[in-house]
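Counting convention: from 1, in listed order, for ligands and their atoms alike.
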Amino acid sequence: MSCHRPESTPVASPAATGRDYNSLVVMQPRAPAVTPKEMKNGAPVKANNVAPQGLYLPNYNILTPHMRSPEYVQMSTAAAITLGVVQGKMYRCSCTRCLNLLLTYPEGCRANCAYCGLARHREAQRDYADRNFIRVDWPAVPLDTVIDIVARDAAASPFHRMCISMITHPRSDQDTVSVLKRWTERIDPSAIPVSILSNPTTMTRADVERLHALGADIFTVALDAATPEIFDRTRGKGVQSPHTWAKYWEILMDARDVFGPQKFGAHIIIGMGETEQQALTLVQRLVDLGGHSHMFCFFPEKGSLMDHLPATPRDQWRRVQLGRYLIDYRGVRVEQISFDGEGRVLDFGIPKAEVESVIDEGIAFRTSGCPGKFREDVSACDRPYGDSPPSNIASFPFQPDKSDLRKIRRQLRLVEHRD
Ligand code: SF4
């Protein structure tokens, strides 16, 4: 098994879109279709009620077993390979440093985010545990099996962090607590710190406080959209999904109060219609609040309501990646950065030699997320090929080498895009 799908979805080019960035006009999701009643809420899985037998590998040709958290969790193929429950190799990576545990239920996520492979509208086509998410399959594994393996020698584990990924489901809050308790009973959170990828829609401040009291280290909110308009269009009313920008910010501010500086963050997907200036203004806002941004390059997930749209042009992505790193870790402020009339970065406002040295170091182009054990600006959550195919890597899950850096420099187009 490989941790990536051999896809060749083209990255947007000016020829395809008329622009060299993913504009708001272009990035319009499809409307979700109506789901037949007999396919709603995981009805086929519950009706068949097949008992799970340990590891489940997504398979569209057999009946999906009836699996539920907290007894079962799903994990990325990369995490399953690193844990040793799935055989396989990853292109240019020996392992992933983050064990992401995704809650799972036959009913699946009840939200309908337009870019997401787990979204509710897919229930007519595919059982929840069989859906692709950030370009890969997510095997399901009994939680006890996961904990048994890691607890054998947590200090020597390849994982630098564990992350409980919530979904929108009535049991998600209490099952997150159960997974966290079961984990920390056997594994010292100082050996492998725990992050929470939250679902603000169902949460209260008391939930945030509880997770912190139980030993969670970092709390993140997947804003995903960089502006309220894009949020509403891609994961709110625009696609019959329950999320609101206001509720996400309410829980983000609770996380700031409860978890404290450098211990909270927000996910942002680049290339869903925001300008570079809007994205970097949000990055600055998060830094000013004491938090971090974790970035994803938009990729048209197969089966999602945005699978007909272009992946983010690499020049747009690279400039935002570099700008985000400079703001998050090098003290640059968004006010120093100059933008053109379409909100594209013209100049980072610091000496060219300084920009060159950050590019040469390469860390700015690695996957961003919660830190691991190497250094503060290197994410444990490396998500191999979660936002691009290996043939044109967006977020590098490893240190880019000289040839990667040559390609990155070409992609940045810091001067040419002004023409
Ligand atoms: S809430 Fe998260 S898992 Fe659910 S559809 Fe939205 S992005 Fe996907």
Side-chain angles (χ1 to χ4, degrees), residues 27 29-33 35 40-42 58 68-69 73-76 100-138 140 163-173 175-176 179 195-203 207 219-226 230-252 265-272 294-307 309 369 381 383 386-387:
M27 300 305 287
R30 274 198 306 276
T35 305
K40 283 187 174 174
N41 268 305
R68 286 185 178 277
S69 291
V73 287
Q74 289 179 251
M75 65 184 68
S76 68
N100 34 24
L101 303 183
L102 173 72
L103 299 186
T104 189
Y105 310 93
E107 300 85 11
C109 183
R110 305 316 297 158
N112 220 13
C113 305
Y115 46 83
C116 180
L118 301 179
R120 189 189 72 227
H121 70 90
R122 296 191 77 193
E123 59 194 354
Q125 282 87 42
R126 189 158 290 180
D127 296 329
Y128 182 74
D130 291 331
R131 291 178 206 161
N132 48 295
F133 177 44
I134 59 168
R135 303 186 67 254
V136 294
D137 286 337
W138 286 62
C163 175
I164 306 175
S165 304
M166 301 175 72
I167 58 174
T168 309
H169 186 278
R171 285 199 51 98
S172 190
D173 298 335
D175 290 337
T176 298
V179 170
S195 291
I196 305 291
L197 173 53
S198 66
N199 170 50
T201 296
T202 60
M203 295 182 88
D207 294 318
F219 188 99
T220 63
V221 169
L223 278 177
D224 291 353
I230 297 170
F231 187 104
D232 204 46
R233 173 200 265 195
T234 58
R235 52 191 330 208
K237 285 197 227 73
V239 282
Q240 295 148 38
S241 192
H243 303 317
T244 66
W245 177 259
K247 180 66 186 177
Y248 268 59
W249 272 95
E250 175 197 315
I251 295 295
L252 184 59
H267 291 192
I268 312 170
I269 301 177
I270 300 303
M272 296 210 296
H294 305 163
M295 283 197 164
F296 299 68
C297 183
F298 172 76
F299 187 88
E301 181 87 32
K302 266 191 189 149
S304 74
L305 296 173
M306 294 176 81
D307 64 2
L309 294 171
C381 185
R383 308 185 292 279
D387 62 1

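Between Thr234 and Asp224 there is no side-chain heavy-atom pair separated by less than 4.5 Å. Put simply, the side chain of Met203 reaches to within 4.5 Å of the side chain of Ser198, judged on heavy atoms. With a 4.5 Å cut-off on side-chain heavy atoms, Asn132 and Arg122 count as touching. A heavy-atom distance below 4.5 Å is not found between the side chains of Cys109 and Arg120. With contacts defined as side-chain heavy-atom distances shorter than 4.5 Å, the pair Ser76/Arg383 does not qualify.
Close approach of ligand 1 to Arg235 (heavy-atom distance below 4.0 Å) involves ligand atoms 1 (S), 6 (Fe), 7 (S).
For atom 4 (Fe) of ligand 1, protein N/O/S neighbours under 2.8 Å (waters excluded) are Cys109 SG.
Applying the ring pair (Phe, Tyr, Trp, His ring centres under 6.0 Å) definition to pairs two or more places apart or across chains, none involves residues 106-130.
For atom 1 (S) of ligand 1, the nearest protein heavy atom (residue, atom name, distance) is His243 NE2, 3.3 Å.
At a cut-off of 3.5 Å, with distance as the only test, a side-chain donor of Thr202 or Asp173 sits close to an acceptor on the other residue.
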